[in-house]
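Remarks on the structure that follows.
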Amino acid sequence: MASHYVVRNVSRAEPATIEALRDAGVATVHEAAGRIGLLGPAIQARQQGPAIAGSAITVSCHPGDNLMIHAAVEVCRPGDVLVVTTTSPSTDGMFGDLLATSLMARGVVGLVIDAGVRDIATLREIGFPVWSRAVHAQGTVKASPGSVNVPVVADGQLVHPGDIIVADDDGVLALPIAQGAATVEAARKRLANEEAKRKTLAEGTLGVDLYHLRPLLAELGVEYVDDLP
Ligand SMILES: O=C([O-])CC(=O)C(=O)O
Ligand SMILES: [Mg+2]
C-alpha cells in the first residue's frame with residue numbers, strides 16, 4: 001500500500017460562514033471558538049492589511065522539497081487556502097511568485113506555510129498574501145514524495161483538510177467545519193459587546209470599573225498607596 005496520497009475530495013464549509021469568520025478576524029474567532037485553533041506565533045503575516053479565510057488544502061512536504069506543493073495546486077478550488085508543512089523543521093524558501101501565480105489562477109486566496117517563502121517583494125506586488133515561518137531565498141528541489149489533504153501540524157496546530165483557515169495581521173487560525181456556524185454566532189455577540197465597551201472606554205470609564213475589578217484587586221491583596229512603603 002502506498003504511504004503517500006493526493007486526496008481529491010475535501011469537505012468545505014459554507015461560503016457565508018467562511019466570509020463571516022474572515023470579517024470577524026483571527027483574535028475574535030479565536031475567543032469566540034473557546035480559545036482554540038491558533039497556529040503558533042512563528043507563522044507570521046508577510047504583508048500588512050490583508051485578511052483572508054478559506055478552506056484548507058493541506059500539504060505535507062519533505063523538507064527542502066516543493067514537489068508536493070506543485071501536486072496540490074491541481075486539487076485547489078476558488079476560495080481555498082493552501083497550508084504547507086514539512087515532515088521535519090525547515091525554513092527553506094520553497095514557495096515564491098511562480099507558485100503564487102499558479103495558485104491565483106485557481107482562485108486560491110492565500111498561503112500558510114510552516115517553512116520559508118521567497119520572492120516576497122513580488123508576492124506583495126501581485127497581492128498574494130502569505131503567512132510563513134521565514135523569508136529565505138534558499139532554493140528547494142522536486143524529488144521526494146509527500147501527501148496532499150492529510151492531517152498536518154503547522155506550528156503546533158493540527159490542521160485537517162477543509163478546516164476553515166482565518167488569517168490576518170494577528171496570525172493564523174484553523175477551525176473545524178463543525179464549529180463554524182456556532183463560532184460565527186459567538187463572534188457576532190462578542191463584536192457587539194466590544195462595540196459597547198469601546199464606547200464606554202472612549203468616554204474615559206476605567207477598565208477596573210467597567211469590569212468590576214476593584215473587589216478582585218482587594219481580594220488578591222493588591223494595595224493602593226501614595227508612596228512605596
Ligand atoms: O520555484 C520555486 O522553487 C519556488 C519559487 O521561487 C517560486 O515559486 O517562484
Ligand atoms: Mg521564484
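One-based numbering, in listed order, for ligands and for the atoms of each.
Near Asp119, with a cut-off below 4.0 Å to any heavy atom, the atoms of ligand 1 are 5 (C), 6 (O), 7 (C), 9 (O).
One N or O on the side chain of Thr200 and one on the backbone of Ala196 form a donor-acceptor pair closer than 3.5 Å. With hydrogens and angles disregarded, a donor-acceptor distance shorter than 3.5 Å links the side chain of Asn149 to the backbone of Thr58.
In terms of heavy-atom proximity, Arg46 sits nearest to Ala134 at NH2-N, 3.6 Å.
In this structure the side chain of Arg77 reaches within 4.5 angstrom of the side chain of Arg12, judged on heavy atoms.
In terms of protein heavy-atom proximity, atom 6 (O) of ligand 1 is nearest to Arg118 NE, 2.6 Å. The protein heavy-atom contact nearest to atom 3 (O) of ligand 1 is Asn66 ND2, 3.0 Å.
Salt bridge Lys197/Glu194: absent, no basic N to carboxylate O contact under 4.0 Å.
Taking distances strictly below 2.8 Å, the protein N/O/S atoms close to the Mg ion (ligand 2) are Asp119 OD2.
At under 3.5 Å, a nitrogen or oxygen of Gly96, whether backbone or side chain, sits near a nitrogen or oxygen of ligand 1. Ligand 1 has an N or O atom lying under 3.5 Å from an N or O atom of Leu99, backbone or side chain. Checking only distances, Gly93 never comes within under 3.5 Å of ligand 1, N or O to N or O.
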Just list the side-chain donor-acceptor pairs under 3.5 Å for residues 104-123, sequence neighbours left out, or say none.
unit_1 : atom_1 : unit_2 : atom_2 : d
Arg106 : NE     : Val73  : O      : 3.0
Arg106 : NE     : Cys76  : O      : 3.2
Arg106 : NH2    : Glu74  : O      : 3.1
Asp114 : OD1    : Arg133 : NE     : 2.5
Asp114 : OD1    : Arg133 : NH2    : 3.1
Asp114 : OD2    : Asp155 : N      : 2.7
Arg118 : NH1    : Ala137 : O      : 2.9
Asp119 : OD2    : Asp97  : N      : 2.9

